[in-house]
Amino acid sequence: MNYVPFGRTGVNVSPLVLGCMMFGGRTSPEDSYTIIDHAIDAGINFLDTANVYNAGKSEEVVGEALKRNGKRGSIFLATKVNGRTSDDPNALGNSRLHIVEACEASLRRLQVDHIDLYQFHRPSPHIAIDESLRAMDDLISAGKVRYIGTSNFGSWQVVESLWAAKELGLNRFVSDQSPYNMADRRMEREHLPMCETYGLAQVPWSPLAGGGLTGKYVRAKSQAVGTRFGDETRPNMMRRFSDGVLDIVDAISPIAEARDCTVAQLALAWVMGRPGVTAPLVGPRTLEQFQDNLGAIDVEVDAEVDAALDAVVPPGEHVAEFYEASFGPNLHRW
Ligand SMILES: NC(=O)c1ccc[n+]([C@@H]2O[C@H](COP(=O)([O-])OP(=O)(O)OC[C@H]3O[C@@H](n4cnc5c(N)ncnc54)[C@H](OP(=O)(O)O)[C@@H]3O)[C@@H](O)[C@H]2O)c1
């Protein structure tokens, strides 16, 4: 496996990151341990979770897996803080109070003495960034966190934070995690150039648009039964199921077939190869899906793929409304 530099940190990470959002939820603990072991055996050295994934169970499963396989020492372990963790009015956001408590809780669930990358899951627009940065900086000084990163921040918010860190002599964010895939290319406008300019690692989430770019969906919604897009209790997920996404699948399917790879592998390889991308986060629910994801590492993406995609989704454009529904139209403008 060819490891890639994680921004300007000097750390080398695998070109795919194992996203653990399904673990302890739709993926049972036992199946999750199997996927994690398989990933590590294949050379993946970067795992990403969050305190709120499956109400903390994802962190517990990741911690248990690393305890069982004894591989914690060779893993770059990332988690996040910001989402609500209880009814307590202070159990959310990027306040010092919550950051410190949430970090201790994550360390306990993960059964580790430090987190390698601690990320703000979302910005807290009503809290001055220097407050949040100081709390993160203190966690680094205390040896509980090695590096800090952002997720779902606007480009201006990241740059503001870099400026504040420099002015205050604090550790700066080294990475960002934001949504990027063939169906949503808005990060190309300014977010990816921003990451490249400032030496931030970019670890995009949803590289398969949550599964829409796998080729397993057809135009009838009834075909999505048993998947996230067919789950009536999750209207947000169903919003990802758009004709535009399927137009992309139609455009790239013949290319994938000619190259003897799956549509999902071609879509994933495309994200891996984009300028400014460090390593995409895959979020497999099953071992079979993860094995398919891994195959993307060997898929070549060339001008033919770019041309086919550009004809359906021009650079900087998007065809899925999911993110507006999740974050609101005004918060993020990548
Ligand atoms: N920072 C953030 O705000 C944020 C937000 C979301 C995710 N993330 C991180 O990013 C990771 C990945 O996000 P994501 O889950 O949205 O990524 P994704 O790779 O776009 O979607 C993963 C989903 O696609 C389907 N899938 C994957 N491989 C497949 C294959 N080979 N064949 C058929 N279906 C396949 C599965 O859906 P089905 O279950 O429907 O089969 C799977 O759960 C997460 O685990 C998490 O760590 C971060």
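Everything numeric here is computed off the predicted structure, so don't read it as measured data. Each ligand, and each atom within it, is numbered from 1 in the order the structure gives. FYI, side chains are in, hydrogens and waters are out, and symmetry mates aren't considered; it's all heavy atoms of this structure. Throughout, numbering of the chain's residues begins at 1 and tracks the sequence.
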Quiz item: Given Tyr118, which of Leu77, Ile140, Val145 fulfils the side-chain contact (heavy atoms from CB on, under 4.5 Å) condition?
Solution: Val145
Exercise. Specify the closest pair of heavy atoms between Ala42 and Leu294, including all atoms of both residues, with the distance to one decimal.
Key: CB-CD1, 3.6 Å
Practice problem: Output yes when the distance from some N or O of ligand 1 to some N or O of Ala209 is under 3.5 Å, and no in every other case. | Solution: yes
Quiz prompt | Backbone or side-chain N or O of Pro284 under 3.5 Å from ligand 1 N or O | solution = no
Quiz item: Heavy-atom contacts under 4.0 Å between Lys80 and ligand 1: side chain, backbone, both, or neither?
Solution: side chain
Quiz prompt | Contact partition for Asp292 relative to ligand 1, non-hydrogen atoms under 4.0 Å | solution = side chain
Practice problem: Measure from the side-chain N and O atoms of Asn82 to the backbone N and O of Arg122, and report whether any donor-acceptor pair falls under 3.5 Å. | Solution: yes
Quiz item: Is it true that Phe46 and Phe6 have ring centroids separated by less than 6.0 Å?
Solution: yes
Quiz prompt | Proximal atoms of ligand 1 relative to Arg285 (non-hydrogen, under 4.0 Å) | solution = 38 (P), 39 (O), 41 (O)
Quiz prompt | Cys20 neighbourhood, listing ligand 1 atoms whose heavy-atom distance to it stays under 4.0 Å | solution = 45 (O), 47 (O)
Quiz item: Does the Lys80 side chain pair with the main chain of Asn51, one donor and one acceptor, at a distance under 3.5 Å?
Solution: no
Quiz item: Are the side chain of Asp137 and the backbone of Asn171 linked by a donor-acceptor contact shorter than 3.5 Å?
Solution: yes
Quiz item: Salt bridge check: are Glu300 and Arg259 linked by an N-O gap of less than 4.0 Å?
Solution: no
Practice problem: Below 4.0 angstrom from a heavy atom of His121, which ligand 1 atoms are there? Numbered from 1 as shown, please. | Solution: 1 (N), 2 (C), 3 (O)
Practice problem: Decide whether the shortest distance between a heavy atom of Phe290 and an atom of ligand 1 is less than 4.0 Å. | Solution: no
Quiz prompt | Part of Ser178 within contact of ligand 1 (heavy atoms, under 4.0 Å) | solution = neither
Self-check item: Proximity winner for atom 21 (O) of ligand 1, if only heavy atoms of Pro280, Gly149, Gly283, Gly210 are counted
Solution: Gly210
Quiz item: Do any nitrogen or oxygen atoms of Ala264 come within less than 3.5 Å of a nitrogen or oxygen of ligand 1?
Solution: no
Quiz item: In terms of atom number and element, which parts of ligand 1 are under 4.0 angstrom from non-hydrogen atoms of Val282?
Solution: 12 (C)
Quiz item: Of the listed options (Val17, Asn152, Asn82), which comes nearest to atom 3 (O) of ligand 1 when hydrogens are ignored and any heavy atom counts?
Solution: Asn152
Exercise. May I ask you to list the atoms of ligand 1 that are less than 4.0 angstrom from any heavy atom of Arg26?
Key: 39 (O)
Quiz prompt | Check: Ser206 main-chain N/O paired with Asn181 side-chain donor or acceptor under 3.5 Å | solution = yes
Quiz item: Is any side-chain N of the basic residue among Arg68 and Glu64 closer than 4.0 Å to the acidic one's carboxylate O?
Solution: yes
Quiz item: Heavy atom under 4.0 Å from ligand 1: found in Ser206's side chain, backbone, both, or neither?
Solution: both
Self-check item: Region of Leu281 that comes within reach of ligand 1 [heavy atoms, distance under 4.0 Å]
Solution: both
Quiz prompt | Thr49 contact mode with ligand 1 (heavy-atom cut-off under 4.0 Å) | solution = neither
Quiz prompt | Heavy-atom proximity to atom 46 (C) of ligand 1, best of Phe120, Tyr53, Trp205 | solution = Tyr53
Exercise. Decide if atom CG of Asp88 counts as having more than 12 heavy atoms of other residues, nucleotides or ligands within a radius under 6.0 Å.
Key: yes
Quiz item: Would you call Arg26-Asp31 a salt bridge at under 4.0 Å N-O?
Solution: no
Quiz item: Is the CG atom of Asp113 crowded by more than 12 outside heavy atoms at less than 6.0 Å?
Solution: yes
Quiz item: Among Gln289, Gln291, Lys216, Met22, whose heavy atom sits nearest atom 30 (C) of ligand 1?
Solution: Gln289
Exercise. Give a yes/no verdict on whether any heavy atom in Glu288 is under 4.0 Å from an atom of ligand 1.
Key: no
Quiz item: Does Gln265 have a heavy atom less than 4.0 Å from any atom of ligand 1?
Solution: no
Practice problem: Run the ring-centre check on Trp270 versus Tyr180 and record whether the distance is less than 6.0 Å. | Solution: yes
